[in-house]
Protein chains: 2
Amino acid sequence: MTITLAQLRYFCELADAGTFGRAAARLHMSQPPLSRQIAALEAELKTELCVRGAKGIVLTPAGVQFLADARDVLRQMARARRNVAAARAGEMGQLSIGFTMCAAYSVVPALMRRYRDAFPQVQLKVREMMPVVLDQALRSG
Amino acid sequence: MTITLAQLRYFCELADAGTFGRAAARLHMSQPPLSRQIAALEAELKTELCVRGAKGIVLTPAGVQFLADARDVLRQMARARRNVAAARAGEMGQLSIGFTMCAAYSVVPALMRRYRDAFPQVQLKVREMMPVVLDQALRSG
DNA sequence: GATAGTTACGCACGACGTAAGTATA
DNA sequence: TATACTTACGTCGTGCGTAACTATC
């Protein structure tokens, strides 16, 4: 009914390996499930992706096209995971914030409370400065 | 254990809807499975993607980042499906091929056989021509 | 007859829905 | 107390593996 990321991985591995048997071995599974998943993928796409022969498989033009796209999807997925890991790292550690007197009693406390609620791992360092000094401090970290 | 495309769809819909209840309704499912799948996604990423409150959810920075990436993945997946449909269309219909005498008995028959084996839906039209005429015929279709 | 792929069958994990529980404004 | 989300539990679908079958060189 719907394509899965596993099916994309299976297809890419199959294209690399050249035969169902080798691909299944690389994927640490047996041939029958792999065969079924590729068949399901082709059924979902209503398109043959490879031609089965006695000496292995050959990709159809549609298969070649889909191989490139499937790799893109998997690459993008990997990128998403890396980005999340990076974002998680960014939410930890120390966040230094400077502000000026005119904002001290109006917006700062509310912002701090909301931020601490959302990201308790972050250590907030808050300091009041003169505008010119603040600008310089921000540039230097 | 592994992220699924369904989880990406769920998360995108949740970010759009703002609450689990509305997102579940849009996805034609009940809240509990949606809640579990989002929890599973966060567990897999080892990162909180949104903060649950009494009035709905708010994305964390990591959640905002992942939302953009998840949408990219789903877009790329849709593109892959369209490309396959286009490739399938390209494999049907008629393929006209011209060739010159010197190739007639060597490579052409083998190529034809292999092509017909792979793509039986394509109707092959093969014709022998003089080089100059062939060039002109190719340009005109 | 050996190699490659598919179909048959049984099991187990995972997803969903209903119902009950928990928390916050 | 009302709204929003989570946990509990039972059912059903789907994926996997082993074994048997089919086809091609």
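As the structure is a prediction and not an experimental result, all values here were calculated from the model. Residue numbers start from 1 in every chain, and the chains themselves are labelled A, B, ... in the order their sequence lines are given, proteins ahead of strands.
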*asked:* Let's go through A/C50 and A/T60 carefully: what are the C-alpha distance in whole Å and the side-chain angles of both, what is the deciding distance for side-chain contact (heavy atoms from CB on, under 4.5 Å) to 0.1 Å, and is it a yes or a no?
replied: CA-CA 5 Å; A/C50 58; A/T60 64; 5.5 Å; no

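Taking atom CD on B/Q37 and atom P on C/dC13, their separation rounds to 17 Å, with Å as the unit. If you take CZ of B/R9 and P of C/dA15, they are 13 Å apart, rounded to a whole angstrom. The distance from atom CG of A/L5 to atom P of D/dT14 is 18 Å, rounded to the nearest whole Å. When the P atom of D/dC5 is taken as reference, atom CD of B/E42 falls 13 Å away, rounded to whole Å. In this entry the distance linking CG of A/L34 with P of D/dT18 reads 15 Å, nearest Å. The CE-P distance, from A/M29 to C/dC13, rounds to 17 Å in whole Å. Between A/I38 atom CD1 and D/dC16 atom C1' the separation is 15 Å, expressed in whole Å.
Side-chain contact between A/L59 and A/L67 is present, with heavy atoms from C-beta onward closer than 4.5 Å. Counting only heavy atoms from C-beta outward, the side chains of A/L41 and A/F66 approach each other to under 4.5 Å.
A/Q65 and A/D69 are linked by a side-chain donor-acceptor pair at a separation below 3.5 angstrom, with hydrogens and angles left out of the test.
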*asked:* Strictly under 4.0 angstrom, non-hydrogen atoms only: write out the protein contact profile of nucleotides 3-10 of chain C, one letter per nucleotide from the 5' end, B, S or -.
replied: -SSBBBB-

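Between C/dA15 and B/Y10, no contact under 4.0 Å exists linking OP1 or OP2 to a side-chain N or O.
Partners of B/R36 according to the side-chain hydrogen bond (donor to acceptor under 3.5 Å, both in side chains) rule, which considers only residues two or more places apart in sequence or in another chain, do not exist here. For the side-chain hydrogen bond (donor to acceptor under 3.5 Å, both in side chains) test, residues two or more places apart in sequence or in another chain that qualify with A/Q7 are A/Q37.
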